[in-house]
Amino acid sequence: MLKEFQLNGKVALVTGAGRGIGAECARVMAEAGARVMLTDVDLNACTQVQTALLNQGIECCVMQQDVTDEARWQEVVNETIEQLGGLDILINNAGILDGSLVELDSLEQVTRLNKVNIESVFLGMKYAALAMKPDGAAGKGGSIINLSSVAALAGTIAHSAYGATKGAVASYSRHAAAEFGSLGYGIRVNSIHPGVIETPMGDHVKHTWVNLGIMPDEESADAMVKSMTSLGRNGTPRDIALAALYLASDASAFVTGIQLSVDGGMANR
Ligand SMILES: NC(=O)c1ccc[n+]([C@@H]2O[C@H](COP(=O)([O-])OP(=O)(O)OC[C@H]3O[C@@H](n4cnc5c(N)ncnc54)[C@H](O)[C@@H]3O)[C@@H](O)[C@H]2O)c1
């Protein structure tokens, strides 16, 4: 591998790493040479990912973390630096989806989405930046990658509240990129915008359409998603993790504040 794409000597923290995109991001970061801390609200799931990686000869650490808990963010960042010797990469991946129509959404649903999808990104960027900036406990700058969505860039039925949270993630990322860059922190911030990916959350999009009577069955919902995608297939967690590797590595050293679509062309249609 070209040296610019290698992560040897770097430390990565990945949230929501118990399954799906987060688990694959953790695997790819480790395969590229990083020492990795995996966190998830579901510790058992995270430990299963850790065991699978250990069986492949890849060592990594795990911590239980609810990304909405501010005190836990401080502990996780401190422990990562203590156990792994630094912090160079944060992948703010943990998120939830709760699809519904605007007229059926409740304020409680919208508030919960905002808390998990937006506030967690704020907390992650805050405590990572404090650690990564020149006088911070890690002190070497770094790369922060926030998981947004195609839903931030294109409208679709029954996902407005979720899409709004992901729009906020994109905007937060652009502003933080400008701020950290201007302050000379050496911290880059970019957002990734997946299309529909083969994970439990990706399946949830199709369940929502069927449950609301928008599509007759899962098969038709899947066909609809593929017809909305120029490349005619669902994405895989690996598709997203490889984009994250680019943004995490020195190969993207001059890239900050971008919205990287990894959606098979969905946002472009
Ligand atoms: N799958 C898709 O089609 C898709 C599309 C666009 C964007 N995304 C985004 O990518 C990210 C990962 O998606 P995924 O498909 O892997 O989701 P997923 O639902 O399959 O997995 C999400 C993980 O996050 C964890 N999590 C949920 N709430 C948490 C909390 N409060 N604290 C800590 N961990 C928590 C879950 O336990 C789970 O392990 C999310 O931010 C999602 O919005 C996914």
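The analysis underlying the following values was restricted to heavy atoms, covering all of them including side chains, and did not include hydrogens, waters or symmetry mates. Just follow the structure's listing: the first ligand is 1, and inside any ligand the first atom is 1.
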Please indicate whether any nitrogen or oxygen in [X] is less than 3.5 Å from any nitrogen or oxygen in ligand 1.
| X | result |
| --- | --- |
| D66 | yes |
| G20 | no |
| T68 | no |

Is there side-chain contact between Y127 and E70, with at least one heavy-atom pair below 4.5 Å?
yes
Proximity winner for [atom], if only heavy atoms of [options] are counted:
| atom | options | answer |
| --- | --- | --- |
| atom 29 (C) of ligand 1 | V41, T199, V150, V225 | V41 |
| atom 11 (C) of ligand 1 | V205, N93, N146 | N93 |
| atom 16 (O) of ligand 1 | I21, V116, N92, T15 | I21 |
| atom 5 (C) of ligand 1 | G18, G202, G195, S149 | G195 |

Any non-hydrogen atom of [X] lying under 4.0 Å from ligand 1?
| X | result |
| --- | --- |
| D40 | yes |
| P200 | yes |
| K166 | yes |

Taking atom types as modelled, find out whether N92 and T15 have a side-chain donor-acceptor pair closer than 3.5 angstrom.
no
Decide whether N211 and T208 meet the rule of one side-chain donor and one side-chain acceptor closer than 3.5 Å.
no
Going from CG on N93 to CD1 on I240, what distance comes out if it is rounded to the nearest 0.5 angstrom?
10.0 Å
Straight-line distance of S191 OG to K166 NZ, nearest 0.5 Å:
10.0 Å
Considering heavy atoms of the protein only, find what lies nearest to [atom] and give residue, atom and distance to 0.1 Å.
| atom | answer |
| --- | --- |
| atom 20 (O) of ligand 1 | R19 NE, 3.0 Å |
| atom 28 (N) of ligand 1 | I96 CG2, 3.8 Å |
| atom 42 (C) of ligand 1 | M201 SD, 3.4 Å |
| atom 33 (C) of ligand 1 | Q65 O, 3.1 Å |
| atom 24 (O) of ligand 1 | G16 CA, 3.5 Å |
| atom 32 (N) of ligand 1 | V67 N, 3.0 Å |
| atom 7 (C) of ligand 1 | S148 O, 3.2 Å |
| atom 8 (N) of ligand 1 | Y162 OH, 3.6 Å |

Closest non-hydrogen atoms of V62 and C46, given as atom of the first, atom of the second and distance, are CG1-O, 3.8 Å
Between A128 and L90, which heavy-atom pair has the shortest distance, and what is it?
CB-CD2, 3.7 Å
Should we count CG of N78 as having more than 12 external heavy atoms under 6.0 Å?
yes
One pair to check against side-chain hydrogen bond (donor to acceptor under 3.5 Å, both in side chains): S173 and H175. What are the steps and the verdict?
CA-CA 6 Å; S173 307; H175 282 275; over 6 Å; no
Take T111 and N114 through the test side-chain hydrogen bond (donor to acceptor under 3.5 Å, both in side chains) and record every step on the way to the result.
CA-CA 5 Å; T111 303; N114 289 345; 5.5 Å; no
Using a strict 4.0 Å cut-off to heavy atoms of [X], name the atoms of ligand 1 that fall inside it.
| X | value |
| --- | --- |
| G95 | 27 (C), 41 (O) |
| V196 | 3 (O) |
| I197 | 1 (N), 2 (C), 3 (O) |

Check for a donor-acceptor pair, side chain of E79 on one end and backbone N or O of V76 on the other, with a separation under 3.5 Å.
no
Are the charged groups of E218 and K206 less than 4.0 angstrom apart, N to O?
no
Please list all pairs passing the side chain to side chain donor-acceptor pair (under 3.5 Å) test where one or both residues lie in residues 239-253, with sequence neighbours left out.
K10-D250, R188-S252, R233-D239, T236-D239
